[in-house]
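Only heavy atoms go into these numbers, but all of them, side chains included; no hydrogens, no water, no symmetry mates.
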Amino acid sequence: MRLDGPVDEVAPTLLGAVLRAGEVSVRLTEVEAYAGESDPGSHAFRGRTPRTEVMFGPPGRAYVYFTYGMHWCMNVVTGPDGHASAVLLRAGEVVDGLDAARHRRGHVAHRDLARGPARLTKALGVDGSYGGVDLLDPSAPLTLSPGERPRSSSIRTGPRVGVAGAGAPTPWRFWIDGDPTVSVYRPAVPRKRTARP
DNA sequence: GCCAGGATGTTCT
DNA sequence: GAACATCCTGGCA
């Protein structure tokens with residue numbers, strides 16, 4: 001699979017692809033594109049930092065980061081080289097290793113096992129130690145391989161709400177229409193201040 | 001069912 | 001010191 005094109009072209013081709021970590025495999029049903037340095041919503045917007053280093057590297061690597069003090073989220077780094085673009089994996093369907101996934105996620109409905117970016121990494125057992133892994137290397141602990149691509153007519157797309165980027169490339173979400181594992185979209189709300197006594 | 005609020009730590013200002 | 005590419009629980013309908 002080719003990951004070195006423009007991120008908004010590469011992202012929809014990831015739908016239907018299969019991500020495998022150990023015995024658990026997930027079929028991707030929802031992704032979100034981040035355009036890199038020019039995208040105010042991207043971690044790479046403020047330039048190269050130790051955390052975002054991987055995004056500036058070659059395509060096909062995993063960019064894994066920790067957020068909200070308890071969740072891991074995972075991106076696939078895309079090209080072209082020199083652009084820190086990446087695709088956030090937002091949701092998928094567990095298609096193999098159900099027992100292991102359920103063990104990690106507890107007793108939830110099958111459709112909820114990997115519905116959401118942090119749930120997806122938890123179902124797979126992915127954490128920061130997987131950062132920088134070459135997903136296209138078959139012997140890697142975390143791999144991405146082509147799956148059955150959904151019909152193009154069943155792919156839906158929408159602009160991300162909450163990011164005003166006048167003139168900047170717009171980030172997009174892509175999902176498989178009607179798939180029960182697609183995460184429910186909630187616009188980002190400003191967080192209230194955490195009051196301390 | 002829906003909504004409000006809290007958890008929790010890394011990163012950057 | 002505040003924001004953060006989130007998730008879960010508990011209260012109320």
Worksheet item: What is the base-pairing partner of C:dC4, counting Watson-Crick and G-U wobble geometry with both distances under 3.5 Å?
Response: B:dG9
Worksheet entry | For B:dC3, the Watson-Crick or wobble partner whose two distances fall under 3.5 Å | C:dG10
Look at the side chain of [X] and decide which nucleotide, out of [options], has an atom nearest to it.
| X | options | answer |
| --- | --- | --- |
| A:Arg105 | B:dT13, C:dC4, C:dC8 | C:dC8 |
| A:Pro117 | B:dT13, C:dT6, B:dT10 | C:dT6 |
| A:Met70 | C:dT6, B:dT8, C:dC8 | B:dT8 |
| A:Met55 | B:dT13, C:dA5, C:dC7 | C:dA5 |

Worksheet entry | Test item: A:Glu32 side-chain N/O and A:Arg90 main-chain N/O as donor-acceptor pair under 3.5 Å | no
Item to complete: Please confirm whether the backbone N or O of A:Asp112 pairs with a side-chain atom of A:Arg105, one donor and one acceptor, at under 3.5 Å?
Response: yes
Item to complete: Check whether the aromatic ring of A:Tyr68 stacks on the base of B:dA7, taking stacking as ring centres less than 5.5 Å apart and planes within 30° of each other.
Response: no
Output the rounded distance in Å from [atom1] ([X]) to [atom2] ([N]).
| X | N | atom1 | atom2 | answer |
| --- | --- | --- | --- | --- |
| A:Glu53 | B:dT10 | CD | P | 19 Å |
| A:Leu88 | C:dT6 | CG | C1' | 11 Å |
| A:Arg46 | C:dA5 | CZ | P | 11 Å |
| A:Tyr65 | B:dC12 | OH | P | 13 Å |
| A:His107 | C:dT9 | NE2 | P | 13 Å |
| A:Lys122 | B:dA7 | NZ | C1' | 13 Å |
| A:Phe66 | C:dA5 | CZ | P | 14 Å |
| A:Arg51 | C:dA5 | CZ | P | 7 Å |

Practice prompt. For C:dA5, take OP1 and OP2 only and decide whether either is under 4.0 Å from a side-chain N or O of A:His43.
Written response: yes
Discussion item. When you measure from the side-chain N and O atoms of A:Thr49 to the phosphate of B:dC12, is any distance below 4.0 Å, counting only OP1 and OP2?
Written reply: yes
Discussion item. Are there over 12 heavy-atom neighbours, none belonging to A:His110, within less than 6.0 Å of that residue's NE2?
Written reply: yes
Discussion item. How about CD on A:Glu53, more than 12 heavy atoms from neighbouring residues, nucleotides or ligands closer than 6.0 Å, or not?
Written reply: yes
Item to complete: Taking only Lys NZ, Arg NE, NH1 and NH2, and the carboxylate oxygens of Asp or Glu, determine whether A:Arg111 and A:Glu93 approach each other closer than 4.0 Å.
Response: no
